[in-house]
Every structure is written in structure tokens, then in C-alpha cells.
Amino acid sequence: MSKHFFSDTAVLLGRSLRHITRSMDTIITTTIMPIGFLLLFVYVFGGAIHAGTDSYVSYLLPGILVITIASGISYTAFRLFLDMQSGIFERFQSMPIARSSVLWAHVVTSVVANSVSVIVVVLVAVIMGFRSGAGLLTWLAVAGILLLLTLALTWIAVIPGLTAKSADGASAFAYPIIFLPFISSAFVPTETMPGPVRWFAENQPVTSIVDTIRNLLAQQPVGADIWIALIWCVGILLVAYVFAMLAYRKKIA
């Protein structure tokens, strides 16, 4: 059955993407909300925030991209939970398709949907004045980091999607992740924070990821931040994948 994995996943991916295009609340939450944050912080709070750069939108953008992805993966858990409750998983398991393709379709859907949202947010930032002299390879490096982050958070989302008792519970796990950038270098330099908050901000994954993307786009040295960011992303991805697969096998057993 594994030889049909890619074709089965592609078919189920099309199904999931059609569901997204028919759900305006998904589009609004995953795209409009981060754009709203971008507009709010640049045009309302930006004049009062000193981030050490002339272009606050350029400073802010990496953190907004993290929030964009965090908002998007909450719907991965929500859609997965609905499929589990509707019995469609059991129906798929009784069909001659690769078993893992059902789960991977949701994961790939998350990557595609979040990639579109990220592109839209970047285009809005460009309209607002964001500029970068970074070359193609640098942009590919930024895209690679965001892809790793998306996969890591998506596999985290799979766990509540499979194990939650309610639809609200399935998507609620994303709220702490969305809040995490606010206690990082995403909006202001960590040097401005009081001691314990600064320590937490400097030692949580969002800060290293945001700083790496910001320095790459500004064509500044990234130092050790890029390795710390990659270790966080890969580590979270591997741990989340293992626990998600264990939950999936238990669910379909």
C-alpha cells in the first residue's frame, strides 16, 4: 500500500485545500489577523517603540511571520479533530489507501496554507515600506527556517487534533504559541525588559528564530543564532513527530 502513498496524499491534500477555500473564517484568522497586528504595531505603537532601526516594519516583520504560522496551525488541529469526530478517518482506513496518507495530507495542507499566508503578509509589509537587499540564497534560507518552523508547529498541532475532547480544546493549544512572540525580541529588543522576563525572552525559541530571520533580511551577521534556531526547530519537530505518530497509531489501532 505504501507505493500509493504520494498519489493518495495528493488526492486527500486536494480535499483539505478545498475545505480551506470554502472557509472564510480560516482565511480571515490565518491572514487578516497577522496583517492587523502588523498595521497596529507599525502605525499605532511604532512611533513610541525604539527598536534601534529606522524601519520598524522591517524589525517587526519576522515576529509577525511567526504569529502568522502559529495562527495557521491552530486550524490544522481543528480540521483534524473534525475529521476524527465525523468518522471520515475510519472510512479512509477501510479503503485501499496508504494509512499514513490521511495524516500527511493534513500536514502538507498546513504547509501550503501557511506558505500562502506568509507570502501575503510579506507583500503587505512591502506596501508598508519593508525593504531588503537580501539575495535569492538568503531568501531561500529564510524560507527554509519558516518551513522548518511550520512543520514543527504542525506536528505539535496534530497531537491535540488526535487527542482533544472538543473542537475548542483542539485549537486552544495554539494560543500560548501565538502569545510567545510577545515575550521575545519580536516587537522590542530584549535589553529593554526587566531581568527575569529578559532571561526568558532570550532563552526561548522565538527570539533566536526571529533574530536569525531579521539579520538575514538586513544582511547582518547571524552569529550563533542560526544554529540555535535550527536546533530548536529540528528538536521540536522530531519530538512532536514521535508523539504525534504514537497518538495516531493508538487512534487507528
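Please read these numbers as outputs of a predicted model, since none were measured by experiment. Side chains are part of it too, since the values below use all heavy atoms of this structure and drop only hydrogens, waters and symmetry mates.
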Q) For the atom pair CD1 (I236) and CG (L153), what is the distance rounded to the nearest 0.5 Å? A) 7.0 Å

Q. Are any of the side-chain heavy atoms of Y75 and F78 separated by less than 4.5 Å?
A. yes

Q) Any side-chain heavy atom of L238 within less than 4.5 Å of one from Y241? A) no

(Q) Quick one: does any side-chain atom of T138 pair with a main-chain N or O of A134 as donor and acceptor, under 3.5 Å? (A) no

**Q.** Taking every non-hydrogen atom, the tightest pair across S184 and A201
**A.** CA-CB, 3.9 Å

**Q.** Under 3.5 Å: donor-acceptor pair, side chain of S117, backbone of A113
**A.** yes

Q. How about S58 and R131: do any of their side-chain heavy atoms sit closer than 4.5 Å?
A. no

Q. Is any side-chain heavy atom of Y248 closer than 4.5 Å to a side-chain heavy atom of V158?
A. no

Q. Given the rule that I, L, V, M, F, W and Y join up when any side-chain heavy atoms are under 4.5 Å apart, are F243 and I156 in one cluster?
A. no

Q | Residue pair L80 / L103, side-chain heavy-atom distance below 4.5 Å | A | yes

Q.
Run I213 and L146 through side-chain contact (heavy atoms from CB on, under 4.5 Å) and show every step you take.
A. CA-CA 9 Å; I213 294 173; L146 292 174; 3.6 Å; yes

Q: For side-chain contact (heavy atoms from CB on, under 4.5 Å), just list the numbers for H106 and T154, CA-CA rounded to whole Å, side-chain angles, deciding distance to a tenth of an Å, and then say yes or no.
A: CA-CA 9 Å; H106 281 278; T154 296; over 6 Å; no

Q | Interatomic distance, W199 atom CH2 to T190 atom OG1 [nearest 0.5 angstrom] | A | 13.0 Å

Q.
Is there a side-chain contact between V111 and L151 in this structure, where contact means two heavy atoms from C-beta onward sitting under 4.5 Å apart?
A. yes

(Q) Nearest 0.5 Å, please: how far is CD1 in I231 from CD1 in I226? (A) 11.0 Å

**Q.** Working for side-chain contact (heavy atoms from CB on, under 4.5 Å), residues V188 and M193
**A.** CA-CA 9 Å; V188 295; M193 302 175 184; 3.9 Å; yes

Q.
Please tell me whether L136 and V142 are part of a single hydrophobic cluster in this structure, the criterion being side-chain heavy atoms less than 4.5 Å apart.
A. no

Q. Can you tell me how far the CD1 atom of I64 sits from the CG atom of L61, to the nearest 0.5 Å?
A. 8.0 Å

Q.
Between R214 and G63 (side chain of the first, backbone of the second, donor and acceptor by atom type, cut-off under 3.5 Å), is there such a pair?
A. no

Q | Transitive ILVMFWY side-chain link V124 to V126, under 4.5 Å | A | yes

Q: List the atom of A240, the atom of A152, and the distance in Å for their closest heavy-atom pair.
A: CB-O, 4.1 Å

**Q.** Verdict with reasoning, M245 to W155, per side-chain contact (heavy atoms from CB on, under 4.5 Å)
**A.** CA-CA 9 Å; M245 292 308 295; W155 281 107; 4.1 Å; yes

Q) With no hydrogens and no angle check, is any side-chain donor or acceptor of E202 less than 3.5 Å from a backbone partner on T207? A) no

**Q.** Atom pair CE/OG of M128 and S55 - distance to nearest 0.5 Å
**A.** 9.5 Å

Q: Could you state whether L39 and M33 fall into the same hydrophobic cluster, counting links through intermediate Ile, Leu, Val, Met, Phe, Trp or Tyr residues with side-chain heavy atoms under 4.5 angstrom apart?
A: yes

Q) Who passes ring-ring contact (aromatic ring centres under 6.0 Å, His included) against F182, sequence neighbours left out? A) F37, F187

Q.
For residues F130 and I127: do they belong to one hydrophobic cluster (side chain heavy atoms under 4.5 Å, members Ile, Leu, Val, Met, Phe, Trp, Tyr)?
A. no

Q) How far apart are the closest heavy atoms of S208 and W232, and which atoms are they? A) OG-CD1, 3.7 Å

Q. Is there side-chain contact between I35 and V121, with at least one heavy-atom pair below 4.5 Å?
A. yes

(Q) Working to the nearest 0.5 angstrom, can you tell me the gap between I69 CD1 and N114 CG? (A) 6.0 Å

Q. If you take all heavy atoms of V57 and G129, which pair is closest and at what distance?
A. CG1-C, 3.9 Å

Q.
Can you tell me which residue among L148, T212, D225, I209 is in a side chain to side chain contact (heavy atoms under 4.5 Å, CB included) with L230?
A. L148

Q: Mind listing the closest non-hydrogen atom pair of P62 and Y59 along with its distance?
A: CD-O, 3.5 Å

(Q) Can you confirm whether W139 sits close enough to L217 that some side-chain heavy atom of one is under 4.5 Å from a side-chain heavy atom of the other? (A) yes

Q. What closest approach, in Å, do P181 and V206 show between heavy atoms, and which atom pair accounts for it?
A. CA-CG1, 3.8 Å

Q. Which residue, V118, V120, T68, I119, forms the side chain to side chain contact (heavy atoms under 4.5 Å, CB included) with T31?
A. V120

